[in-house]
Amino acid sequence: MKAMIFAAGLGTRLKPLTDTMPKALVPVGGKPLLEILIRKLVASGFTEIVINVHHFADQIIRFVEEHDAFGADIRFSDESGKLLETGGGIKKAIPLLLESGVTERPFLVHNVDILSNVDLQDFYRHGAGAAALLLVSERQTQRYLLFDEENRLVGWTNVKTGEVKSPYKGLDVEACRKYAFAGVHLFSPRLFPYFDAWPDKFSVIDFYLSVCDREPIYAYPSPGLKILDVGKQDALEKAEDFLTGECCQSR
């Protein structure tokens, strides 16, 4: 199984820590976020990993090399010249994701700053047949992805402003299931041809919204999901307790 880790972000919400190191190497419980995630991926059966890098890219590459790639085949998608956002990051990494020649299987995409108790093996199995599978939660937010009764993606909304994005005209937002995206998703290579119409830099959520009327993109609302975004200081203070609990034990 293959995975891609988004580790290129500037980590501005974690300043001043990220003035001297990338967000991926910010420690939680004595271990960098990147190491925590790689070890979880390997324990879940992922043997090939692509990491995109930008901010302090050399530090990330050196760290992985010093740990002998943690027992996985790890490659780096270098975005040092320009941050490409989530969709552009996947697009640039396509040659690396296809290197082993297996093109029909989906690959996992995981933000480096997301901690969760999701069973990644089970999540991967549930993605069979889908163009994409999005880990979602019912947490309170202003921006939601919208899904139909079968949990297929149909749109997005900002409940504060009333803005709606959808390829379906006249979408009834109130009739939709509203979930918050959790920063973990499965992506099928069958979507790669759609990238041709997109620039180098774009959001993967905008991309999903543009193709969800043509390709099956589903929500995965994991029962009992516990998740923590370690992208800002207050969450960083909670992260060690989060990890020491049962919520982040690999299954």
Side-chain angles (χ1 to χ4, degrees), residues 1-102 105-116 120 183-187 189 192 195 200-204 229-233 235-236 239-240 243 248 250:
M1 297 190 294
K2 298 183 181 183
M4 180 173 183
I5 298 174
F6 284 149
L10 298 176
T12 53
R13 294 179 297 166
L14 285 176
K15 283 178 171 290
L17 287 173
T18 48
D19 287 336
T20 56
M21 69 172 67
K23 177 171 60 176
L25 296 187
V26 169
V28 171
K31 292 182 180 180
L33 286 166
L34 181 63
E35 179 177 351
I36 293 167
L37 178 53
I38 291 176
R39 292 194 183 282
K40 180 175 182 178
L41 289 171
V42 172
S44 299
F46 293 87
T47 57
E48 298 180 39
I49 300 172
V50 174
I51 304 172
N52 73 339
V53 293
H54 172 83
H55 187 53
F56 293 115
D58 57 328
Q59 290 188 31
I60 294 176
I61 294 170
R62 185 167 61 250
F63 177 79
V64 172
E65 290 176 344
E66 288 174 350
H67 288 75
D68 197 25
F70 298 98
D73 179 6
I74 298 180
R75 303 179 180 93
F76 299 95
S77 182
D78 190 354
E79 298 179 22
S80 296
K82 179 183 178 182
L83 268 176
L84 302 176
E85 296 188 26
T86 49
I90 295 174
K91 182 178 180 180
K92 180 176 175 59
I94 288 176
L96 296 173
L97 292 164
L98 296 182
E99 271 190 1
S100 65
V102 180
R105 294 181 182 175
F107 56 91
L108 180 77
V109 184
H110 202 301
N111 290 2
V112 75
D113 55 2
I114 294 294
L115 301 176
S116 81
L120 293 177
V184 181
H185 43 134
L186 280 183
F187 192 103
F192 285 162
F195 279 163
D200 292 339
K201 180 178 180 178
F202 60 95
S203 158
V204 73
D229 180 347
V230 198
K232 47 188 177 181
Q233 286 284 358
L236 188 60
E240 188 167 352
L243 279 178
C248 284
S250 298

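The shown structure was predicted, so the numbers you read here are calculated from the model rather than taken from an experiment.
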In Å and rounded to the nearest 0.5 Å, what is the OG1 to NZ distance from Thr86 to Lys201? 11.0 Å
Run the salt-bridge test on Lys23 and Asp113 with the 4.0 Å N-O cut-off and return the result as yes or no. yes
Evaluate the side-chain proximity of Phe192 to Leu98: yes if any heavy-atom separation is below 4.5 Å, no if none is. yes
Pairs involving residues 50-70, ordered by first then second residue, that meet salt bridge (charged side-chain N to carboxylate O under 4.0 Å, His left out) (sequence neighbours left out): none
Where do Val28 and Ala239 come nearest, in terms of heavy atoms and distance? CG1-CB, 3.6 Å
At their closest point, which heavy atom of Ser44 faces which heavy atom of Lys40, and how far apart are they? OG-O, 2.9 Å
Going from CG on Asp19 to OG1 on Thr12, what distance comes out if it is rounded to the nearest 0.5 angstrom? 10.5 Å
Atom pair CG (Asn111) and CG (Leu33), whose distance is rounded to the nearest 0.5 Å: 11.5 Å
For a 4.5 angstrom cut-off between non-hydrogen side-chain atoms, does Met4 reach Ile49? no
Chi angles and distances behind the side chain to side chain contact (heavy atoms under 4.5 Å, CB included) call for Phe107, Leu186: CA-CA 6 Å; Phe107 56 91; Leu186 280 183; over 6 Å; no
Check: Thr18 main-chain N/O paired with His55 side-chain donor or acceptor under 3.5 Å: yes
Would you say the side-chain atoms of Glu35 pair up with the backbone N or O of Ala24, donor to acceptor, closer than 3.5 Å? no
Looking at every non-hydrogen atom in both residues, tell me the closest pair between Leu83 and Ala8 and how far apart they are. CD2-O, 3.3 Å
Distance check, rounded to the nearest 0.5 Å: Arg75 atom CZ versus Leu97 atom CG? 9.0 Å
Can you give me the closest heavy-atom contact between Ile60 and Pro22, atom names plus distance? CG1-CG, 3.6 Å
Side-chain donor or acceptor of Lys2 paired with backbone N/O of Leu108 under 3.5 Å: no
Evaluate the side chain to side chain contact (heavy atoms under 4.5 Å, CB included) criterion for residues Leu34 and Val64: first the C-alpha distance (whole Å), next the side-chain angles of each, then the deciding distance (0.1 Å), finally the verdict. CA-CA 9 Å; Leu34 181 63; Val64 172; 4.0 Å; yes
If you look at every heavy atom in Met21 and Pro27, which pair is closest and at what distance? SD-CD, 4.3 Å
Could you pull out the closest heavy-atom pair between Asp78 and Lys92, with the gap in Å? O-CE, 2.7 Å
Partners meeting side chain to side chain donor-acceptor pair (under 3.5 Å) with Thr47 (sequence neighbours left out): none
So, using ring pair (Phe, Tyr, Trp, His ring centres under 6.0 Å) as the criterion, who are the partners of Phe202 when residues are at least two apart? Phe195, Trp198
Phe56 and Phe63: side chain to side chain contact (heavy atoms under 4.5 Å, CB included), yes or no, with the steps? CA-CA 11 Å; Phe56 293 115; Phe63 177 79; over 6 Å; no
Any donor-acceptor N/O pair, Lys91 side chain to Leu84 backbone, under 3.5 Å: no
Using the ring of each side chain (for Trp, its six-membered ring), is His67 parallel, tilted or perpendicular to Phe70, with breaks at 30° and 60°? parallel
Check: Leu14 and Val230 side chains under 4.5 Å, non-hydrogen atoms: no
Counting only N and O atoms by type, is there a donor-acceptor contact under 3.5 Å from the side chain of His54 to the main-chain atoms of Glu79? yes
Report the distance from atom CD1 of Ile114 to atom CD1 of Ile36, rounding to the nearest 0.5 Å. 13.0 Å
For Phe6 and Asn52, run side chain to side chain contact (heavy atoms under 4.5 Å, CB included): C-alpha distance rounded to whole Å, both residues' side-chain angles, the deciding distance at 0.1 Å, then the answer. CA-CA 6 Å; Phe6 284 149; Asn52 73 339; 3.7 Å; yes
When rounded to the nearest 0.5 angstrom, what is the spacing between OG in Ser116 and CG in Asp229? 11.5 Å
